[in-house]
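Accompanying notes for the structure given below.
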Amino acid sequence: MSMFCYQCEETAKGTGCTVAGVCGKDPTTAALQDLLVHAAKGISMYAHRAALLGARDREIDLFVVEALFSTVTNVDFDPQRLRRWLVEAATVRDRAKRLYEDACRAADKTPEALAGPAAWQPADDLLDLVSQGVRVGIAGRKQNSDDLTGLQELVLYGLKGTAAYADHAQVLGQEDPEVYAAFHAGLDFLARDNPTVDELLGWAMKVGELNLKVMALLDAANTGAYGHPEPTAVRVTPVKGKAILVSGHDLKDLEELLEQTEGKGVNIYTHGEMLPAHAYPGLKKYKHLVGNYGGAWQDQRQEFDAFPGAILMTTNCIQQPKASYQDRIFTTGLVAWPGVRHIGRDRDFTPVIEAALAAEGFADDEPEKTVLVGFGHHAVLGVAGPVIEAVKSGAIRHFFLVGGCDGRHAGRDYYTEFARKVPDDCVILTLACGKYRFNKLEFGQIGGIPRLLDMGQCNDAYSAIKIASALAGAFNCGVNDLPLSLILSWYEQKAVAILLTLLYLGIKNIRLGPVLPAFVTPKVLQVLVEKFGIAPITTPEADLAAILGEPAEAAA
């Protein structure tokens, strides 16, 4: 069976995975994920119309958000789990239909008879579900128009990424009915036939606006639960003792694990995007949260193999486990891999703790090395005065936001070299796991201000927006007029959501790499270049020279 998927940066040959996903997704999983998106559209067709009549159902809202998040790259690879999602989707869709029909009766309106995704019924067995998924996948729509299909996927991938952030926020109690209504409206739009280019571009901007609102909710959720991040030195070398490694993004899972392991002689390490957790007062108070281990997600098979303890995956970024650690890796939340033990919604991490206690642990302390994290908007704006004065005096010439997703593409060495070559009178802002390309290098300070400011997870892009907006206000100019350049790396759909937010805010001249998305056709790219000045990265020397107005030799 063939497949077609081009939602991530590593898509095969830069055009699309057709035999198996580079991520490890097989054709069965790909088809079931496509079908789950189709089912979510059907649910939202009813939920959107119900919302217009003032009726909503939180369980329907949450299901759609979680269904979208489950189809993000490197989240759910388990066909049986996806099958259960699809069976439940039909039940939720019927519930949404009743909600809409009841709202129509209350408003004395005649309900629409909806077709397409709203009329889908799940097949009885897995193979037939897969066949249904193949029929509603990307390949068929691409035959009609590559440009329109690419724009539809741009909107969809933005919604998927935003759904991930919305799920993180709601786990910590931050929700907004208008956000859920926007998801339903977006999926209802994607269920329509024959959209125009202008309509799709308009919806791309709406998704950017939605993601901005959701990132604000997530920022409020994280800081409300754990306090504002503080500049914090984080140990990156192991200490003696039993150990659990926590990867992914979900701070609530980490908190629950820290509570359940307190006093049990098990040290907790963060991995990948969990590194920023060490800066939150409500999390770093746990003395057995001892440090960060390893780097970004793409190196996990080697790093997890070498880690002498248990491993917990809390969100996306899982890769196929090696046999050497399959019995000590666990998943929780929406992430799943066939044959890997899953911790349910009760977050009882007893099996993880038992696996850690049974493992060898680290035999000795290694010499201590640290990295500095915790420069969220609250921390940076707290020293805004010295920063502004440093810019006015010329001590700080330029800011570079170098961040985003990491990955396996050889061209990602660009970001390491770019950071190395940034002049000593410039400051680097960074976030997301792309920082692992350079966050252990020594950059020094400018007048007491670190030249490398780690603002957190990809989830914390809101901090970069807040800082840029505050600087623009201080200098009485637009963000595009600041001495600030964005050099971004992308991998999956959360990066797409953030990019759409930046475009919605009117931020121009973003450099994007390591390669441009396969779903952005030349015609669509031309529109983005003309309207927003988006450009692919070239070489560190050439890009620095163009930004700083210097000869390329000087940048080198």
Side-chain angles (χ1 to χ4, degrees), residues 31-71 82 85-123 129 132-138 140-141 144 148-149 151-163 166-167 176-196 199-200 202-204 206-207 209-210 214:
L32 295 175
Q33 289 185 355
D34 287 344
L35 187 58
L36 184 55
V37 170
H38 183 76
K41 290 177 184 176
I43 295 168
S44 287
M45 290 172 71
Y46 286 113
H48 170 59
R49 286 161 176 77
L52 293 177
L53 296 172
R56 62 177 296 267
D57 183 320
R58 182 175 179 271
E59 289 189 22
I60 294 171
D61 298 340
L62 288 183
F63 182 89
V64 167
V65 165
E66 290 185 345
L68 288 178
F69 189 3
S70 293
T71 67
L82 289 166
W85 272 103
L86 287 162
V87 171
E88 186 177 356
T91 301
V92 174
R93 189 271 322 280
D94 292 342
R95 179 171 177 159
K97 181 180 180 181
R98 290 193 298 272
L99 181 72
Y100 169 55
E101 291 173 344
D102 289 346
C104 284
R105 279 191 288 272
D108 197 24
K109 292 174 63 74
T110 301
E112 293 181 57
L114 301 180
W120 165 77
Q121 294 294 337
L129 283 171
Q132 287 183 333
V134 171
R135 288 196 294 272
V136 300
I138 300 169
R141 287 187 285 114
N144 298 325
L148 290 179
T149 302
L151 280 171
Q152 286 175 317
E153 295 305 294
L154 175 66
V155 173
L156 174 62
Y157 301 157
L159 287 173
K160 286 187 179 189
T162 305
D167 187 61
D176 183 342
E178 292 184 4
V179 163
Y180 292 130
F183 275 108
H184 295 313
L187 289 174
D188 175 71
F189 169 75
L190 290 174
R192 300 178 195 173
D193 295 325
N194 305 315
T196 67
E199 287 174 331
L200 286 161
W203 258 101
K206 288 181 182 179
V207 173
E209 180 181 18
L210 171 64
V214 169

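Quick note: residue numbers are just sequence positions, from 1.
Residue pairs that meet the salt bridge (charged side-chain N to carboxylate O under 4.0 Å, His left out) test with at least one member in residues 177-187, sequence neighbours left out, are E178-K213. Sequence neighbours left out, not one pair with a member in residues 42-62 passes ring pair (Phe, Tyr, Trp, His ring centres under 6.0 Å).
Residues forming a side-chain hydrogen bond (donor to acceptor under 3.5 Å, both in side chains) with Y180 (at least two apart in sequence, or on another chain): E175. Scanning for side-chain hydrogen bond (donor to acceptor under 3.5 Å, both in side chains) contacts around E88 gives an empty result, with sequence neighbours left out. Legend: residues meeting side-chain hydrogen bond (donor to acceptor under 3.5 Å, both in side chains) with D167, ordered by chain and number and at least two apart, are Q170. The side-chain hydrogen bond (donor to acceptor under 3.5 Å, both in side chains) search around Q152 returns R141, not counting sequence neighbours. Scanning for salt bridge (charged side-chain N to carboxylate O under 4.0 Å, His left out) contacts around D102 gives R105, with sequence neighbours left out. Here T162 pairs with F183, V207, L210, N211, V214, A497 under the side-chain contact (heavy atoms from CB on, under 4.5 Å) rule; sequence neighbours left out. Taking P122 as the reference, A90, W120, L129 meet the side-chain contact (heavy atoms from CB on, under 4.5 Å) condition, with sequence neighbours excluded. Under the rule for a salt bridge (charged side-chain N to carboxylate O under 4.0 Å, His left out), the partners of E112 that lie at least two apart in sequence or sit in another chain are R49. In this structure Q121 satisfies the side-chain contact (heavy atoms from CB on, under 4.5 Å) test together with R93, sequence neighbours excluded. Not counting sequence neighbours, the partners of P177 by the side-chain contact (heavy atoms from CB on, under 4.5 Å) test are R56.
Between the NE2 atom of H38 and the CG atom of D34 there is a distance of 10.5 Å, given to the nearest 0.5 Å. Atoms CG and CH2, from L35 and W85 in turn, are 14.0 Å apart once rounded to the nearest 0.5 Å. How far CD of E101 is from CG of L53: 12.0 Å, rounded to the nearest 0.5 Å. The distance from the CG atom of L86 to the CG atom of L32 is 6.0 Å, given to the nearest 0.5 Å. Distance check: I60 CD1 to K97 NZ gives 13.5 Å after rounding to the nearest 0.5 Å. How far CD of E209 is from NZ of K206: 9.0 Å, rounded to the nearest 0.5 Å.
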Take V65 and V179 through the test side chain to side chain contact (heavy atoms under 4.5 Å, CB included) and record every step on the way to the result.
CA-CA 10 Å; V65 165; V179 163; over 6 Å; no
Check step by step if side chain to side chain contact (heavy atoms under 4.5 Å, CB included) holds for L200 and F189.
CA-CA 9 Å; L200 286 161; F189 169 75; 3.5 Å; yes
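Looking at heavy atoms from C-beta onward, R95 lies in side-chain contact with E59 at the 4.5 angstrom threshold. By the 4.5 Å heavy-atom criterion applied to side chains, L190 and L159 are counted as neighbours.
S70 and Q33 make their closest contact through O-NE2, 3.9 Å (heavy atoms, listed as atom of the first residue, atom of the second, distance). Summarising the geometry of Q132 relative to A123, their closest heavy-atom pair is OE1-N, 3.4 Å, with the distance given to 0.1 Å. Scanning all heavy atoms of the two residues, the minimum distance from A204 to V155 falls at N-CG2, 3.8 Å. Residues A39 and A89 come closest through the heavy atom pair CB-CB, 3.8 Å. The minimum heavy-atom distance linking Y100 with T110 is given by the pair OH-O, 4.4 Å. Across all non-hydrogen atoms, the minimal contact from C104 to P111 is SG-CA, 3.7 Å.
A salt bridge links R192 with D188: at least one charged nitrogen is closer than 4.0 Å to a carboxylate oxygen.
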